[in-house]
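Worth knowing before you read on, the calculation uses all heavy atoms, side chains too, and leaves out hydrogens, waters and symmetry mates. Just so it is clear, the structure is predicted and the values come from calculations on it, not from any experiment.
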Amino acid sequence: MPPDEAHQHALRRLGAFLREAEDTLASWDEYSDRHSDPEGWPHDAIAYGLRQSRRDADTWRAFTTVRATAAAMLDTAEAQLNRLPGGSTSLRQGWHLRVLRTALKEIDALQSEWLGVRDTLPVSARPGTEQYDEPLAQRNAEAWAYLDAWALHGQSVIDIDTAARAKPSRKPATPALAPAPPSTADSTARVRR
């Protein structure tokens, strides 16, 4: 597949992830609002935790269609952004790309850790058993803030591609990518109950 065609295919998958993540989050918000008291404490902590685990797993599953091409999409978006005229939009989008790259590194690290744990599990530990499902749920929970960062800022990758195709390329006077934010991706993730 030619590089541009592969990029467009990856962007379509990213768009599908963004829609699915939005639906998952909306469903979670509705559940959380109905099953929490006014201070945000769940009525049934066990049921709430199970539903939260499902949210995490659904978001992870949705991102698996994007993960293999995410780094290449970010590389292309950075190159496209550097060819666009500079401005406040470019600075914001550059910051979004940095947040996405940091989140992707964390997601990849969590996946590597999970694979290491999975390889040490006894043969009897299969999907559906506590020995298997518990560390998998932990990976999903730890990854959720980073996956949410992709749900929040992933649209910038699509927007940069749209702008690059619509406008003639000009090299900005200053680099479009803003310096790395001082805090981790956790500071960009939405706070959820």
*Asks:* Is there a path of hydrophobic side-chain contacts, each under 4.5 Å between heavy atoms of I, L, V, M, F, W or Y residues, that connects Trp144 with Tyr31?
*Replies:* yes
*Asks:* When rounded to the nearest 0.5 angstrom, what distance separates CG in Asp29 from CZ in Arg55?
*Replies:* 9.0 Å
*Asks:* Do Asp133 side-chain atoms and Gly128 backbone N/O form a donor-acceptor pair below 3.5 Å?
*Replies:* yes
*Asks:* Within the 4.5 Å heavy-atom criterion, are Leu91 and Trp95 side-chain neighbours or not?
*Replies:* no
*Asks:* Looking at side-chain heavy atoms only, is the closest gap between Arg13 and Met73 below 4.5 Å?
*Replies:* no
*Asks:* Would you give the length of the straight line joining atom CG of Asp75 to atom NE2 of His7, rounded to the nearest 0.5 angstrom?
*Replies:* 10.5 Å
*Asks:* Between Ala151 and Leu18, which heavy-atom pair has the shortest distance, and what is it?
*Replies:* O-CD2, 3.7 Å
*Asks:* Among pairs that include at least one residue of residues 151-161, which meet salt bridge (charged side-chain N to carboxylate O under 4.0 Å, His left out), considering only residues two or more places apart or in two chains?
*Replies:* Asp161-Arg165
*Asks:* Distance alone, cut at 3.5 Å: any donor-acceptor contact between the side chains of Gln138 and Glu134?
*Replies:* no
*Asks:* Distance-only, no hydrogens or angles: does the Ser32 side chain make a donor-acceptor pair with backbone N or O of Trp28 under 3.5 Å?
*Replies:* no
*Asks:* Test of understanding: clusters of I, L, V, M, F, W, Y form through side-chain heavy atoms closer than 4.5 Å, transitively. Do Ile158 and Leu84 belong to the same one?
*Replies:* yes
*Asks:* Could you give the distance from CZ (Phe17) to OG1 (Thr65), rounded to the nearest 0.5 Å?
*Replies:* 8.0 Å
*Asks:* Considering all heavy atoms of both residues, which atom of Trp150 and which atom of Leu104 are nearest to each other, and what is their separation?
*Replies:* NE1-N, 3.8 Å
*Asks:* Could you walk me through whether Ser27 and Arg51 pass the side chain to side chain donor-acceptor pair (under 3.5 Å) check?
*Replies:* CA-CA 10 Å; Ser27 177; Arg51 181 60 181 80; 2.8 Å; yes
*Asks:* Do any N or O atoms from the side chain of His153 and from the backbone of Leu100 form a donor-acceptor pair under 3.5 angstrom?
*Replies:* no
*Asks:* Under 3.5 Å, sequence neighbours excluded: what are the donor-acceptor pairs made by side chains of residues 110-127?
*Replies:*
{"unit_1": "Gln111", "atom_1": "OE1", "unit_2": "Arg139", "atom_2": "NH1", "d": "2.6"}
{"unit_1": "Ser112", "atom_1": "OG", "unit_2": "Asp108", "atom_2": "O", "d": "3.2"}
{"unit_1": "Thr120", "atom_1": "OG1", "unit_2": "Val117", "atom_2": "O", "d": "2.7"}

*Asks:* Is there a side-chain contact between Thr76 and Ile160, using heavy atoms and a 4.5 Å cut-off?
*Replies:* no
*Asks:* Determine yes or no for a side-chain-to-main-chain donor-acceptor pair under 3.5 angstrom, with Asn82 supplying the side chain and Glu78 the backbone.
*Replies:* yes
*Asks:* Which atom pair, heavy atoms only, marks the closest approach of Tyr48 to His35?
*Replies:* CD1-O, 4.2 Å
*Asks:* Using only atom types and a distance under 3.5 Å, with no angle test, would you say the side chain of Thr64 pairs donor to acceptor with the backbone of Arg61?
*Replies:* yes
*Asks:* Cut-off 3.5 Å, side chains only: do Arg19 and Thr24 have a donor facing an acceptor?
*Replies:* no
*Asks:* Do you know the tightest heavy-atom contact between Val157 and Leu11?
*Replies:* CG1-CD2, 3.6 Å
*Asks:* Please tell me if the side chains of Arg83 and Gln80 come closer than 4.5 Å, counting only heavy atoms from C-beta onward.
*Replies:* yes
*Asks:* Arg54 versus Asp58: any side-chain heavy-atom pair under 4.5 Å?
*Replies:* yes
*Asks:* Please find the pair of heavy atoms, one from Leu147 and one from Asp56, that lie closest to each other, and give the distance.
*Replies:* CD1-O, 4.5 Å
*Asks:* How far does CD of Glu22 sit from CG of Leu152, to the nearest 0.5 angstrom?
*Replies:* 10.5 Å
